[in-house]
Amino acid sequence: MTFSISGLSESILSAVREQGYNEPTPIQAQAIPAILAGQDVIAEAQTGSGKTAAFLLPVLEQLSKGETQKAKRIRALVLAPTRELALQVNDACRVYSQNLELTSMAMFGGVDAEEQKQGLIDGVDVLIATPGRLLDMIYQKAIRFDELDVLILDEADRMLDMGFISDIRKILERLPEQCQSLLFSATMSDGVQQLAQTLTSDAVSFSVADDPSARPRIEQWLVTVDKDQKSALLSHLITDLQWQQALIFIRTKHGAAKLADQLAKRGIQAEAIHGDRSQAVRTQLLDDFRSGKLSFLIATGVAARGIDIDLLERVVNYDLPDDSEDYIHRIGRTGRAGASGQAISLLSKDDFKRLCAIESRLGHLLERREVEGFIPRKAVPVSILNYVPKHKREGNEAGTSGDDRNKGKRRSSGGSGAGKSNAGGRRHTGDKHGSGQKRANRRSDQDRSKGTDRKPAVNSGNKTNNSDPWAAWNDKKDRKLDRS
DNA sequence: AAAAAAT
(Lines give C-alpha, C1' and ligand atoms only; values in the text may rest on other atoms or scores of the structure.)
Protein backbone atom coordinates (compact mmCIF):
# COMPACT_ATOMS: atom_id res chain seq x y z
CA MET A 1 0.00 0.00 0.00
CA THR A 2 1.32 3.44 -0.82
CA PHE A 3 0.60 6.67 0.96
CA SER A 4 -2.35 8.25 -0.74
CA ILE A 5 -5.07 10.61 0.38
CA SER A 6 -7.44 12.18 -2.06
CA GLY A 7 -6.94 15.89 -2.31
CA LEU A 8 -3.18 15.87 -1.82
CA SER A 9 -1.21 16.63 -4.93
CA GLU A 10 1.48 14.36 -6.25
CA SER A 11 4.28 16.79 -5.41
CA ILE A 12 3.44 16.47 -1.72
CA LEU A 13 2.68 12.76 -1.78
CA SER A 14 5.96 11.91 -3.44
CA ALA A 15 7.83 13.82 -0.71
CA VAL A 16 5.91 11.85 1.91
CA ARG A 17 6.62 8.51 0.26
CA GLU A 18 10.26 9.39 0.03
CA GLN A 19 10.25 9.37 3.84
CA GLY A 20 9.13 5.77 3.76
CA TYR A 21 5.59 6.38 4.98
CA ASN A 22 3.25 3.85 3.45
CA GLU A 23 -0.10 4.39 5.01
CA PRO A 24 -1.77 7.40 6.56
CA THR A 25 -2.20 7.08 10.33
CA PRO A 26 -5.74 7.32 11.76
CA ILE A 27 -5.34 10.96 12.71
CA GLN A 28 -4.05 11.76 9.25
CA ALA A 29 -6.89 9.91 7.56
CA GLN A 30 -9.40 11.89 9.62
CA ALA A 31 -7.85 15.32 9.86
CA ILE A 32 -6.44 15.82 6.37
CA PRO A 33 -9.77 15.82 4.48
CA ALA A 34 -11.35 18.09 7.10
CA ILE A 35 -8.50 20.57 6.95
CA LEU A 36 -8.53 20.52 3.16
CA ALA A 37 -12.24 21.32 3.34
CA GLY A 38 -11.38 24.40 5.32
CA GLN A 39 -12.87 23.28 8.60
CA ASP A 40 -11.58 24.12 12.04
CA VAL A 41 -10.21 21.04 13.75
CA ILE A 42 -9.77 20.04 17.37
CA ALA A 43 -7.72 16.87 17.64
CA GLU A 44 -6.81 14.86 20.68
CA ALA A 45 -3.78 13.05 19.39
CA GLN A 46 -1.02 11.41 21.33
CA THR A 47 2.59 11.70 20.40
CA GLY A 48 3.65 9.26 17.75
CA SER A 49 0.29 9.42 16.05
CA GLY A 50 1.61 11.33 13.07
CA LYS A 51 -0.07 14.60 13.97
CA THR A 52 2.61 16.85 12.54
CA ALA A 53 2.02 15.52 9.05
CA ALA A 54 -1.71 15.52 9.76
CA PHE A 55 -1.73 19.32 9.77
CA LEU A 56 1.32 20.12 7.65
CA LEU A 57 0.30 18.17 4.56
CA PRO A 58 -3.15 19.71 4.03
CA VAL A 59 -1.91 23.16 5.01
CA LEU A 60 0.92 22.96 2.49
CA GLU A 61 -1.54 21.71 -0.10
CA GLN A 62 -3.79 24.71 0.47
CA LEU A 63 -0.93 27.15 0.43
CA SER A 64 0.55 25.73 -2.74
CA LYS A 65 -2.76 26.35 -4.46
CA GLY A 66 -2.78 29.97 -3.37
CA GLU A 67 -2.23 32.69 -5.91
CA THR A 68 0.70 34.40 -4.28
CA GLN A 69 3.37 31.77 -4.14
CA LYS A 70 5.99 34.08 -2.72
CA ALA A 71 3.82 36.17 -0.48
CA LYS A 72 5.63 38.60 1.73
CA ARG A 73 3.09 37.83 4.37
CA ILE A 74 2.75 34.84 6.60
CA ARG A 75 -0.06 32.54 5.58
CA ALA A 76 0.28 29.75 8.12
CA LEU A 77 1.36 30.10 11.74
CA VAL A 78 2.26 27.15 13.96
CA LEU A 79 2.63 27.80 17.70
CA ALA A 80 4.75 25.26 19.57
CA PRO A 81 5.72 25.03 23.25
CA THR A 82 9.46 24.43 22.95
CA ARG A 83 12.23 25.57 20.68
CA GLU A 84 13.16 22.01 19.82
CA LEU A 85 9.65 21.22 18.73
CA ALA A 86 9.50 24.36 16.61
CA LEU A 87 12.74 23.35 14.90
CA GLN A 88 11.46 19.88 14.32
CA VAL A 89 8.15 20.99 12.83
CA ASN A 90 10.11 23.31 10.57
CA ASP A 91 12.33 20.44 9.45
CA ALA A 92 9.29 18.33 8.66
CA CYS A 93 7.76 21.25 6.80
CA ARG A 94 10.85 21.62 4.65
CA VAL A 95 10.80 17.93 3.81
CA TYR A 96 7.13 17.85 2.87
CA SER A 97 7.37 21.04 0.84
CA GLN A 98 10.55 20.12 -1.00
CA ASN A 99 8.75 20.05 -4.32
CA LEU A 100 6.82 23.24 -3.64
CA GLU A 101 7.72 26.90 -3.89
CA LEU A 102 7.01 27.55 -0.25
CA THR A 103 9.29 28.86 2.46
CA SER A 104 9.11 28.14 6.15
CA MET A 105 10.97 29.39 9.18
CA ALA A 106 11.29 28.52 12.85
CA MET A 107 11.30 31.46 15.23
CA PHE A 108 12.19 31.27 18.91
CA GLY A 109 14.26 32.88 21.63
CA GLY A 110 17.81 32.12 22.62
CA VAL A 111 19.18 32.96 19.20
CA ASP A 112 19.85 36.19 17.34
CA ALA A 113 16.65 37.96 16.37
CA GLU A 114 18.12 39.83 13.41
CA GLU A 115 18.38 36.76 11.24
CA GLN A 116 14.76 35.97 11.94
CA LYS A 117 13.74 39.53 11.06
CA GLN A 118 15.59 39.27 7.78
CA GLY A 119 13.80 36.01 7.11
CA LEU A 120 10.47 37.76 7.58
CA ILE A 121 11.52 40.49 5.16
CA ASP A 122 12.56 37.90 2.58
CA GLY A 123 9.16 36.32 2.89
CA VAL A 124 7.88 33.33 4.82
CA ASP A 125 4.79 31.30 4.04
CA VAL A 126 4.81 29.04 7.08
CA LEU A 127 6.07 30.40 10.37
CA ILE A 128 6.66 28.04 13.28
CA ALA A 129 7.20 29.90 16.53
CA THR A 130 7.35 29.68 20.29
CA PRO A 131 5.10 32.28 21.93
CA GLY A 132 7.69 34.50 23.64
CA ARG A 133 9.81 35.50 20.68
CA LEU A 134 6.79 35.77 18.43
CA LEU A 135 5.17 38.23 20.81
CA ASP A 136 8.43 40.13 20.95
CA MET A 137 8.41 40.41 17.16
CA ILE A 138 4.79 41.51 17.18
CA TYR A 139 5.58 44.29 19.67
CA GLN A 140 8.52 45.36 17.54
CA LYS A 141 6.15 45.52 14.57
CA ALA A 142 8.47 43.20 12.70
CA ILE A 143 5.62 40.91 11.77
CA ARG A 144 2.12 41.19 10.40
CA PHE A 145 -0.62 38.66 10.02
CA ASP A 146 -3.12 40.31 7.64
CA GLU A 147 -2.91 37.47 5.18
CA LEU A 148 -2.90 34.62 7.62
CA ASP A 149 -5.01 31.73 6.38
CA VAL A 150 -4.49 29.16 9.09
CA LEU A 151 -3.35 28.98 12.69
CA ILE A 152 -2.15 25.75 14.28
CA LEU A 153 -1.65 25.21 18.00
CA ASP A 154 0.60 22.21 18.51
CA GLU A 155 0.75 20.50 21.91
CA ALA A 156 -1.82 22.88 23.30
CA ASP A 157 -1.94 21.16 26.67
CA ARG A 158 1.78 21.55 27.06
CA MET A 159 1.60 25.24 26.24
CA LEU A 160 -1.01 25.74 28.93
CA ASP A 161 1.06 23.74 31.41
CA MET A 162 3.96 26.04 30.72
CA GLY A 163 1.89 29.10 31.45
CA PHE A 164 1.69 30.39 27.90
CA ILE A 165 -2.02 31.08 28.03
CA SER A 166 -1.75 34.85 28.38
CA ASP A 167 0.90 35.03 25.64
CA ILE A 168 -1.33 32.99 23.40
CA ARG A 169 -4.28 35.26 24.09
CA LYS A 170 -2.19 38.31 23.19
CA ILE A 171 -1.08 36.64 19.97
CA LEU A 172 -4.63 35.65 19.07
CA GLU A 173 -5.70 39.31 19.35
CA ARG A 174 -3.37 40.15 16.50
CA LEU A 175 -4.64 37.46 14.15
CA PRO A 176 -7.44 37.90 11.64
CA GLU A 177 -10.63 36.48 13.05
CA GLN A 178 -11.74 34.52 10.06
CA CYS A 179 -8.65 32.37 9.72
CA GLN A 180 -8.90 28.61 9.94
CA SER A 181 -7.85 27.25 13.34
CA LEU A 182 -6.43 23.85 14.17
CA LEU A 183 -5.73 22.69 17.68
CA PHE A 184 -3.74 19.60 18.57
CA SER A 185 -3.37 18.36 22.10
CA ALA A 186 -2.36 15.12 23.76
CA THR A 187 -5.02 15.58 26.43
CA MET A 188 -8.25 17.53 26.53
CA SER A 189 -8.26 19.26 29.89
CA ASP A 190 -10.71 21.99 30.86
CA GLY A 191 -8.16 24.60 29.94
CA VAL A 192 -7.57 23.14 26.50
CA GLN A 193 -11.28 22.89 25.86
CA GLN A 194 -11.81 26.49 26.89
CA LEU A 195 -9.03 27.58 24.59
CA ALA A 196 -10.45 25.47 21.78
CA GLN A 197 -13.81 27.16 22.21
CA THR A 198 -12.50 30.68 21.97
CA LEU A 199 -10.27 29.71 19.07
CA THR A 200 -12.46 27.64 16.81
CA SER A 201 -15.96 27.78 15.39
CA ASP A 202 -17.90 24.86 14.05
CA ALA A 203 -14.88 22.69 14.61
CA VAL A 204 -14.66 19.01 13.82
CA SER A 205 -13.28 17.04 16.75
CA PHE A 206 -11.16 13.96 16.49
CA SER A 207 -9.68 11.74 19.09
CA VAL A 208 -7.23 9.01 18.36
CA ALA A 209 -6.17 8.78 21.98
CA ASP A 210 -7.96 5.49 22.47
CA ASP A 211 -7.17 3.97 19.14
CA PRO A 212 -4.88 1.02 19.84
CA SER A 213 -3.48 1.18 16.34
CA ALA A 214 -2.21 4.65 17.11
CA ARG A 215 -0.63 3.50 20.34
CA PRO A 216 3.04 2.75 19.99
CA ARG A 217 4.22 -0.70 20.95
CA ILE A 218 6.37 -0.04 23.95
CA GLU A 219 7.73 -2.68 26.28
CA GLN A 220 7.76 -1.17 29.75
CA TRP A 221 9.50 -2.44 32.82
CA LEU A 222 11.28 -1.14 35.85
CA VAL A 223 14.31 -2.11 37.88
CA THR A 224 14.38 -1.61 41.61
CA VAL A 225 17.65 -0.26 42.91
CA ASP A 226 19.13 1.82 45.71
CA LYS A 227 19.36 5.48 44.83
CA ASP A 228 23.16 5.67 45.11
CA GLN A 229 23.49 2.65 42.83
CA LYS A 230 21.54 4.10 39.95
CA SER A 231 24.41 5.32 37.82
CA ALA A 232 26.30 2.06 38.34
CA LEU A 233 23.20 0.10 37.38
CA LEU A 234 22.66 2.23 34.31
CA SER A 235 26.18 1.73 33.03
CA HIS A 236 25.84 -1.96 33.81
CA LEU A 237 22.66 -2.17 31.74
CA ILE A 238 24.25 -0.24 28.90
CA THR A 239 27.31 -2.46 28.67
CA ASP A 240 25.76 -5.75 29.70
CA LEU A 241 22.77 -5.56 27.40
CA GLN A 242 24.86 -3.88 24.71
CA TRP A 243 22.57 -0.94 24.23
CA GLN A 244 23.39 1.05 21.15
CA GLN A 245 21.30 4.04 22.03
CA ALA A 246 19.16 5.42 24.82
CA LEU A 247 17.43 8.65 25.71
CA ILE A 248 17.79 9.01 29.47
CA PHE A 249 15.36 11.21 31.36
CA ILE A 250 16.11 12.81 34.68
CA ARG A 251 14.25 15.45 36.63
CA THR A 252 16.89 18.05 37.36
CA LYS A 253 19.43 19.96 35.33
CA HIS A 254 22.09 19.41 37.95
CA GLY A 255 21.34 15.70 38.02
CA ALA A 256 21.67 15.54 34.25
CA ALA A 257 25.12 17.09 34.27
CA LYS A 258 26.25 14.88 37.13
CA LEU A 259 25.07 11.72 35.45
CA ALA A 260 26.85 12.65 32.21
CA ASP A 261 30.08 12.88 34.23
CA GLN A 262 29.48 9.61 36.02
CA LEU A 263 28.84 7.77 32.77
CA ALA A 264 31.88 9.35 31.16
CA LYS A 265 34.02 8.08 34.03
CA ARG A 266 32.83 4.60 33.20
CA GLY A 267 33.77 5.08 29.58
CA ILE A 268 30.28 5.73 28.26
CA GLN A 269 29.96 8.70 26.01
CA ALA A 270 26.93 10.70 27.11
CA GLU A 271 25.83 14.32 26.97
CA ALA A 272 23.33 16.29 28.99
CA ILE A 273 20.66 18.45 27.39
CA HIS A 274 18.67 20.91 29.48
CA GLY A 275 17.44 24.48 29.61
CA ASP A 276 20.69 25.94 30.97
CA ARG A 277 22.66 24.88 27.93
CA SER A 278 22.87 27.31 25.05
CA GLN A 279 20.46 26.90 22.21
CA ALA A 280 23.35 26.13 19.85
CA VAL A 281 24.51 23.26 22.05
CA ARG A 282 20.97 21.94 22.48
CA THR A 283 20.42 21.87 18.73
CA GLN A 284 23.81 20.27 18.12
CA LEU A 285 23.28 17.55 20.73
CA LEU A 286 19.89 16.66 19.32
CA ASP A 287 21.32 16.52 15.81
CA ASP A 288 24.17 14.29 16.95
CA PHE A 289 21.79 12.03 18.81
CA ARG A 290 19.50 11.77 15.81
CA SER A 291 22.33 10.94 13.45
CA GLY A 292 23.71 8.32 15.84
CA LYS A 293 26.94 10.20 16.45
CA LEU A 294 25.89 10.47 20.09
CA SER A 295 24.66 7.27 21.69
CA PHE A 296 23.38 8.41 25.05
CA LEU A 297 21.56 11.63 25.67
CA ILE A 298 20.57 12.67 29.18
CA ALA A 299 17.60 15.01 29.15
CA THR A 300 15.39 17.02 31.46
CA GLY A 301 11.89 18.13 30.53
CA VAL A 302 13.19 19.90 27.39
CA ALA A 303 13.04 16.68 25.45
CA ALA A 304 10.14 15.01 27.20
CA ARG A 305 7.47 15.89 24.70
CA GLY A 306 7.09 16.13 20.99
CA ILE A 307 10.68 15.46 20.13
CA ASP A 308 10.80 12.89 17.38
CA ILE A 309 13.79 10.68 16.92
CA ASP A 310 13.56 8.05 14.23
CA LEU A 311 13.81 4.51 15.49
CA LEU A 312 14.85 5.38 19.01
CA GLU A 313 15.41 2.01 20.62
CA ARG A 314 14.69 2.91 24.19
CA VAL A 315 13.95 5.48 26.80
CA VAL A 316 15.30 5.25 30.32
CA ASN A 317 13.64 6.98 33.23
CA TYR A 318 16.61 7.52 35.47
CA ASP A 319 14.08 8.88 37.88
CA LEU A 320 10.35 9.15 37.53
CA PRO A 321 8.65 12.40 36.57
CA ASP A 322 6.53 14.33 39.06
CA ASP A 323 3.66 14.54 36.63
CA SER A 324 2.41 11.14 35.57
CA GLU A 325 1.35 12.64 32.26
CA ASP A 326 5.04 13.30 31.60
CA TYR A 327 5.74 9.59 31.94
CA ILE A 328 3.44 8.94 29.00
CA HIS A 329 5.20 11.61 27.01
CA ARG A 330 8.68 10.45 27.91
CA ILE A 331 8.09 6.87 26.86
CA GLY A 332 6.34 8.16 23.76
CA ARG A 333 9.78 9.12 22.40
CA THR A 334 10.31 5.47 21.55
CA GLY A 335 8.15 3.03 19.63
CA ARG A 336 7.15 5.66 17.13
CA ALA A 337 5.73 5.11 13.67
CA GLY A 338 4.83 1.51 14.37
CA ALA A 339 8.30 0.50 15.50
CA SER A 340 8.79 -1.27 18.80
CA GLY A 341 10.55 0.30 21.72
CA GLN A 342 11.55 -0.15 25.33
CA ALA A 343 10.88 2.08 28.30
CA ILE A 344 12.91 1.22 31.37
CA SER A 345 12.57 2.97 34.69
CA LEU A 346 15.06 2.92 37.55
CA LEU A 347 13.08 2.83 40.73
CA SER A 348 14.48 3.75 44.11
CA LYS A 349 12.58 4.35 47.28
CA ASP A 350 12.03 8.05 46.66
CA ASP A 351 10.50 7.34 43.25
CA PHE A 352 7.84 5.17 44.78
CA LYS A 353 5.19 7.79 45.29
CA ARG A 354 5.59 8.94 41.71
CA LEU A 355 5.31 5.33 40.57
CA CYS A 356 1.98 5.02 42.33
CA ALA A 357 0.64 8.04 40.49
CA ILE A 358 1.92 6.70 37.18
CA GLU A 359 0.49 3.23 37.65
CA SER A 360 -2.83 4.73 38.67
CA ARG A 361 -2.74 6.84 35.53
CA LEU A 362 -1.90 3.81 33.37
CA GLY A 363 -4.47 1.68 35.10
CA HIS A 364 -2.07 -1.21 35.40
CA LEU A 365 1.15 -2.17 37.10
CA LEU A 366 4.52 -2.04 35.42
CA GLU A 367 6.58 -5.18 35.23
CA ARG A 368 9.21 -5.38 37.98
CA ARG A 369 12.68 -6.75 37.40
CA GLU A 370 15.70 -7.00 39.57
CA VAL A 371 19.28 -7.03 38.35
CA GLU A 372 21.75 -9.25 40.11
CA GLY A 373 24.23 -7.25 42.15
CA PHE A 374 21.89 -4.29 42.36
CA ILE A 375 19.15 -5.64 44.58
CA PRO A 376 18.11 -2.77 46.85
CA ARG A 377 18.92 -3.03 50.54
CA LYS A 378 15.28 -2.50 51.33
CA ALA A 379 13.04 -3.88 48.65
CA VAL A 380 10.52 -1.49 47.18
CA PRO A 381 6.91 -2.44 47.87
CA VAL A 382 5.12 -4.16 45.05
CA SER A 383 2.72 -1.33 44.49
CA ILE A 384 0.48 1.00 46.28
CA LEU A 385 -2.24 -0.02 43.86
CA ASN A 386 -2.60 -2.95 46.19
CA TYR A 387 -2.21 -0.90 49.31
CA VAL A 388 -5.11 0.90 50.88
CA PRO A 389 -4.49 2.81 54.10
CA LYS A 390 -6.41 1.64 57.11
CA HIS A 391 -8.80 4.54 57.34
CA LYS A 392 -9.92 3.96 53.76
CA ARG A 393 -10.15 0.23 53.79
CA GLU A 394 -13.88 -0.35 53.96
CA GLY A 395 -15.99 0.26 50.89
CA ASN A 396 -13.53 2.64 49.37
CA GLU A 397 -12.19 2.36 45.88
CA ALA A 398 -8.50 2.97 45.53
CA GLY A 399 -8.37 6.73 45.19
CA THR A 400 -6.76 8.47 42.29
CA SER A 401 -5.40 11.45 44.12
CA GLY A 402 -2.24 9.78 45.36
CA ASP A 403 -1.74 12.71 47.68
CA ASP A 404 -2.37 11.52 51.15
CA ARG A 405 -2.16 7.80 50.90
CA ASN A 406 1.49 7.36 51.73
CA LYS A 407 1.64 9.37 54.88
CA GLY A 408 2.74 7.36 57.84
CA LYS A 409 2.22 3.74 57.16
CA ARG A 410 4.24 3.27 54.04
CA ARG A 411 6.93 1.18 55.64
CA SER A 412 4.44 -1.37 56.82
CA SER A 413 3.01 -1.98 53.39
CA GLY A 414 4.74 -5.25 52.82
CA GLY A 415 8.07 -3.76 51.92
CA SER A 416 10.08 -6.92 52.35
CA GLY A 417 8.14 -8.75 49.72
CA ALA A 418 8.99 -7.46 46.33
CA GLY A 419 10.12 -10.58 44.66
CA LYS A 420 13.46 -11.32 46.26
CA SER A 421 12.85 -14.92 45.43
CA ASN A 422 12.59 -14.34 41.72
CA ALA A 423 15.28 -16.51 40.30
CA GLY A 424 14.68 -15.13 36.85
CA GLY A 425 14.96 -11.63 38.14
CA ARG A 426 11.63 -10.70 36.71
CA ARG A 427 8.11 -10.80 37.84
CA HIS A 428 4.82 -9.67 36.58
CA THR A 429 2.76 -8.64 39.50
CA GLY A 430 -0.87 -9.54 39.60
CA ASP A 431 -3.48 -6.88 39.13
CA LYS A 432 -6.29 -7.90 41.40
CA HIS A 433 -7.53 -4.39 41.61
CA GLY A 434 -7.15 -3.60 37.97
CA SER A 435 -10.77 -3.18 37.05
CA GLY A 436 -11.53 -1.07 40.06
CA GLN A 437 -8.59 1.10 39.17
CA LYS A 438 -9.80 1.60 35.64
CA ARG A 439 -13.18 2.56 36.92
CA ALA A 440 -11.58 5.09 39.19
CA ASN A 441 -9.60 6.53 36.33
CA ARG A 442 -12.61 6.87 34.13
CA ARG A 443 -14.44 8.61 36.87
CA SER A 444 -11.68 11.11 37.31
CA ASP A 445 -11.57 11.72 33.57
CA GLN A 446 -15.23 12.58 33.60
CA ASP A 447 -14.75 14.80 36.58
CA ARG A 448 -12.07 16.64 34.76
CA SER A 449 -13.90 17.14 31.51
CA LYS A 450 -17.08 18.25 33.20
CA GLY A 451 -15.27 20.49 35.59
CA THR A 452 -16.89 18.81 38.55
CA ASP A 453 -13.73 18.46 40.56
CA ARG A 454 -14.12 18.20 44.24
CA LYS A 455 -11.81 21.15 44.54
CA PRO A 456 -12.93 24.41 42.98
CA ALA A 457 -11.19 24.91 39.66
CA VAL A 458 -8.87 27.62 40.84
CA ASN A 459 -5.76 26.32 39.16
CA SER A 460 -6.78 27.63 35.74
CA GLY A 461 -7.86 24.11 34.98
CA ASN A 462 -4.88 23.28 32.84
CA LYS A 463 -3.53 20.12 34.35
CA THR A 464 -4.54 17.16 36.39
CA ASN A 465 -6.77 17.67 39.34
CA ASN A 466 -4.20 18.70 41.92
CA SER A 467 -2.74 22.17 42.13
CA ASP A 468 0.86 22.93 41.36
CA PRO A 469 3.02 21.99 44.33
CA TRP A 470 5.81 24.17 42.95
CA ALA A 471 3.85 27.41 42.92
CA ALA A 472 5.34 28.80 46.15
CA TRP A 473 8.85 27.72 45.27
CA ASN A 474 8.62 29.30 41.83
CA ASP A 475 7.25 32.55 43.25
CA LYS A 476 10.22 32.82 45.54
CA LYS A 477 12.66 32.06 42.74
CA ASP A 478 11.05 34.58 40.40
CA ARG A 479 11.25 37.28 43.05
CA LYS A 480 14.93 36.49 43.50
CA LEU A 481 15.52 36.77 39.76
CA ASP A 482 13.69 40.11 39.65
CA ARG A 483 15.96 41.54 42.31
CA SER A 484 19.15 40.55 40.56
C1' DA B 1 12.62 19.81 45.97
C1' DA B 2 11.84 21.86 39.09
C1' DA B 3 11.63 22.78 34.06
C1' DA B 4 10.29 25.45 30.23
C1' DA B 5 9.78 30.10 27.70
C1' DA B 6 11.42 36.86 25.65
C1' DT B 7 15.21 40.29 26.88
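The model shown is predicted, which means the values in this text are computed figures rather than measured ones. So you know, we letter chains A, B, ... as the sequences are listed, proteins then strands, and number each from 1.
- Remark: T130(A) is in phosphate contact with dA6(B), judged by side-chain N or O atoms under 4.0 Å from OP1 or OP2.
- Within 4.0 Å (heavy atoms only), R158(A) reaches no atom of the nucleic acid at all.
- Of the candidate nucleotides dA2(B), dA5(B), dA6(B), dA2(B) has the atom lying nearest to any side-chain atom of T252(A).
- The pair R354(A)-D351(A) meets the salt-bridge criterion, with a side-chain N (NZ, NE, NH1 or NH2) lying under 4.0 Å from an Asp/Glu carboxylate O.
- What separates CZ of R330(A) from C1' of dA4(B) is a distance of 14 Å, to the nearest Å.
- In terms of phosphate contacts, R282(A) brings a side-chain nitrogen or oxygen within less than 4.0 Å of OP1 or OP2 of dA5(B).
- A search for side-chain hydrogen bond (donor to acceptor under 3.5 Å, both in side chains) contacts involving Q118(A) returns D122(A), not counting sequence neighbours.
- Evaluation of the salt bridge (charged side-chain N to carboxylate O under 4.0 Å, His left out) test over residues 292-303 of chain A, restricted to residues two or more places apart or in two chains, returns D288(A)-K293(A).
- Atom CD of Q116(A) and atom P of dA6(B) are 9 Å apart (whole Å).
- Nucleotide dA4(B) holds its P atom 12 Å from the CZ atom of R277(A), rounded to whole Å.
- Ring to ring, F184(A) and F55(A) are close: their centroids are under 6.0 angstrom apart.
- I168(A) places its CD1 atom 11 Å from the C1' atom of dA5(B), with the value rounded to the nearest Å.
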